[in-house]
Every structure is written in C-alpha cells, then in structure tokens.
> 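The following block contains the structure, expressed as structure tokens.
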Amino acid sequence: MGWRAGIQTLVRTVYPSACLNCGTHIDGDTGLCSTCWLASHFIAGLVCNSCGAPLPGASSHDETCDACLSSPRKWKAARATFLYREGAKKLVWDLKYADRAEIATAAGPWLLNTLKPILPDNPLIAPVPLHWTRLMKRKYNQSELLSRNLALAGRFEHAPALLKRTKRTPPLFGLTVEERELWLQNAMTIHPKMRGLVRGRHIVLVDDVMTTGATLNAATEACLLQDVASVRVVFLARAAKND
C-alpha cells in the first residue's frame, strides 16, 4: 500500500468522518452519506444463491437464476454487496486504483452483513490473488484489503497467501466467458505451505467485482483440488446481468 493511503487514513482518523464517495461530513460509521448510500445500489431482497444477482419477487427457499442453472458455478454459494453501478462503481475504482484503503476498512462490516446468509462454520477467509507482476505495479491487492477487513469484522481466520497466481493473464474486460476461462485455466494454485491448512475447511473467497465469474471459478477449482469442505464467494460488487 502506498504512502498516500497511509496519509489519507491518518487524516480520516484525526478529522471528522467524511463520506467515502463525495467527501460530505457524516456522523456515524456507515462510511457513506445518505445520498451516496442510496446511489450505491446495495443489493437486498431475493438473490440467486449461486451468483448473488438480484431476482424478482420473494421466496422462502434458495433460488437459482437461469444462467446459473444452465452453467452451474463451481462454488457452493455467493453474495454481493452492491450492483456495479454509479456510486458503487466509483468506490471500487477508487479502492483499486487510487490508494483508498479506507474504503476496504468501511467495507469489512458491509461484506460481513452480505455474507451472513451463506456463512459457514469456522470459515477460512482468503482473497483472489494478483499475479506478482501486477502486484508489483499496483503495490497492493484490493481483494486482500477487503478479505482482511472482512476477517477482522467477523473475527475469522484470514489466509492472505492461500492462493497463488501462477500465470499472468491479460486484462479480461471485453472477453467472452469462454475466452476468460481459457486464459484462466490452471492460472491459480494453493500455496504449497497452505495445503495442510485447507483440508476439510470451509473457504470463503473474496474479490472486488464479479462479472462472468471466470476468475472466481478458477480460484475455486484450485481450492477444490485440495479436499476442502466447501467454497463460498463474496464480492463487493457484481455486474448486473443487463449491463
């Protein structure tokens, strides 16, 4: 994490709280003013249990969207905090590219609340990894910041180095699902020193954004090869199916 993030965090500790999105003074610890909260598209109500996408209507049972029925996910269940639109899109961008570590701090309780409907016993929390060349360029992994703060909020065990990205992939934006899956084939593995830790454990993988789910599928596959009990995923935002 860069020196700017440290200064920003210190400033926000010394001075009154400000909205993470617009900078307006706020009272309390929600992280967002009321206007930005409403503009952030928090996901509520019925969702697909497999990918976290909002679904119409109501149900007392776990429901699965048509896309996940036709192409089942490798993980057990998933949830997302926001739809990847407007205010949420700005939050994710600032976290990812602008050294805004305080966004991940505020997101810890958000992610914990998002995860509760699918929370397993004694979860092991781990981020989706970056390839080391990308990590060197960016200086930090935004998914690790999120997973760390989720683990702190829930007092869960955190394994930031659980997964290792063994293959550098190009930016996947604009690629089809098939193209993404081809690039991500065998792109991740469990760190050799972590293999004994994961056997029989319930893993919760954390990422910033889900689009097609190909990256999370690859990460899940790497975990399932090590005889884990289950894999669940949670992400700060997910692209809407019609976006």
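Small disclaimer: the values here were computed from a predicted structure and weren't measured.
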> side-chain contact (heavy atoms from CB on, under 4.5 Å) between Lys89 and Val209: does it pass, once the steps are laid out?
CA-CA 9 Å; Lys89 185 176 288 190; Val209 180; over 6 Å; no
> Check the orientation of Trp37 and Phe42. Use parallel for under 30°, tilted for 30 to 60°, and perpendicular for over 60°.
parallel
> How far apart are the closest heavy atoms of Ser70 and Ala67, and which atoms are they?
OG-O, 3.0 Å
> Are His202 and Arg232 close enough that some pair of their side-chain heavy atoms sits under 4.5 Å apart?
yes
> Return the CZ to CG distance between Phe156 and Leu115, rounded to the nearest 0.5 Å.
6.0 Å
> Using the test salt bridge (Lys or Arg N to Asp or Glu O under 4.0 Å), find all partners of Asp94 that sit at least two apart in sequence or belong to another chain.
Lys90, Arg100
> So Glu221 and Leu224, side-chain contact (heavy atoms from CB on, under 4.5 Å) or not? Walk me through it.
CA-CA 5 Å; Glu221 266 190 335; Leu224 294 175; 5.6 Å; no
> With no hydrogens and no angle check, is any side-chain donor or acceptor of Thr166 less than 3.5 Å from a backbone partner on Ala187?
yes
> Determine yes or no for a side-chain-to-main-chain donor-acceptor pair under 3.5 angstrom, with Asn141 supplying the side chain and Val128 the backbone.
yes
> Look only at the side chain of Lys167 and the backbone of Gln185, and say whether a donor-acceptor pair between them is shorter than 3.5 Å.
yes
> Heavy atoms, side chains only, cut-off 4.5 Å: are Val233 and Val204 in contact?
no
> Sequence neighbours left out, what passes salt bridge (Lys or Arg N to Asp or Glu O under 4.0 Å) with Lys76? Give chain and number order.
none
> Give the minimum heavy-atom separation between Ala159 and Ala126, together with the two atoms involved.
O-CB, 3.6 Å
> Are Val206 and Phe235 side-chain neighbours, meaning at least one heavy-atom pair lies under 4.5 Å?
no
> If you measure from OG1 on Thr189 to CG on Leu163, what distance do you get to the nearest 0.5 Å?
8.0 Å
> Does Phe82 reach the side chain of Leu91, with side-chain heavy atoms less than 4.5 Å apart?
yes
> Measure across Asn21 and Cys36 and return the closest heavy-atom pair with its distance rounded to 0.1 Å.
CB-SG, 3.6 Å
> Looking at side-chain heavy atoms only, is the closest gap between Arg73 and Thr220 below 4.5 Å?
no
> Linking I/L/V/M/F/W/Y whenever their side-chain heavy atoms sit closer than 4.5 Å, directly or via other members, would Val234 and Leu152 fall into one cluster?
no
> Report the residues that fulfil salt bridge (Lys or Arg N to Asp or Glu O under 4.0 Å) with Glu157, sequence neighbours left out, ordered by chain and then residue number.
Arg201
> With a 4.5 Å limit on heavy-atom distance, are the side chains of Pro160 and Ser147 in contact?
no
> Where do His41 and Tyr84 land on the side-chain contact (heavy atoms from CB on, under 4.5 Å) test, with the steps shown first?
CA-CA 8 Å; His41 296 284; Tyr84 190 54; over 6 Å; no
> Compare every heavy atom of His191 with every heavy atom of Ala161, then report the nearest pair and how far apart it is.
O-CB, 3.4 Å
> Quick one: do Leu205 and Leu197 end up in the same hydrophobic cluster if we chain Ile, Leu, Val, Met, Phe, Trp and Tyr together by side-chain heavy atoms under 4.5 Å apart?
yes
> If you link ILVMFWY side chains whenever their heavy atoms are less than 4.5 Å apart, which other residues fall into the same cluster as Trp132? By chain and number, please.
Met136
> Please list, one pair per line, the donor and acceptor atoms closer than 3.5 Å that link side chains of residues 46-60 to other protein atoms, with sequence neighbours excluded.
| unit_1 | atom_1 | unit_2 | atom_2 | d |
| --- | --- | --- | --- | --- |
| Asn49 | OD1 | Arg79 | NH1 | 3.1 |
| Asn49 | OD1 | Arg79 | NH2 | 3.1 |
| Ser59 | OG | His61 | N | 3.1 |
| Ser59 | OG | His61 | O | 3.3 |
| Ser59 | OG | Glu63 | OE2 | 2.6 |

> Report yes if the side chains of Cys223 and Ile190 come closer than 4.5 Å at any heavy-atom pair, otherwise no.
yes
> First locate atom OG1 of Thr212, then atom CG of Asn217, and finally report the distance between them rounded to the nearest 0.5 Å.
8.0 Å
> State, to 0.1 Å, how close Thr105 and Asn149 come at their nearest heavy-atom pair, and which atoms those are.
CA-OD1, 3.4 Å
> Any side-chain to backbone donor/acceptor pair from Ser71 onto Cys68? Under 3.5 Å, distance only.
no
> Got a second to check how far Arg165's CZ is from Leu135's CG, nearest 0.5 Å?
11.5 Å
> Considering all heavy atoms of both residues, which atom of Ala88 and which atom of Leu83 are nearest to each other, and what is their separation?
CB-O, 3.3 Å
> Do Tyr140 and Leu111 land in one hydrophobic cluster if side-chain heavy atoms of ILVMFWY residues count as linked below 4.5 Å?
yes
> With salt bridge (Lys or Arg N to Asp or Glu O under 4.0 Å) as the rule and sequence neighbours excluded, what pairs involving residues 202-215 come up?
Lys96-Asp208
> Say you draw a straight line from CD1 of Ile125 to CD1 of Ile203; how long is it, rounded to the nearest 0.5 Å?
9.0 Å
> Rounded to the nearest 0.5 Å, how far apart are CG of Leu20 and CD1 of Ile26?
6.5 Å
> Do Val228 and Leu124 come close enough that some side-chain heavy atom pair is under 4.5 Å?
no
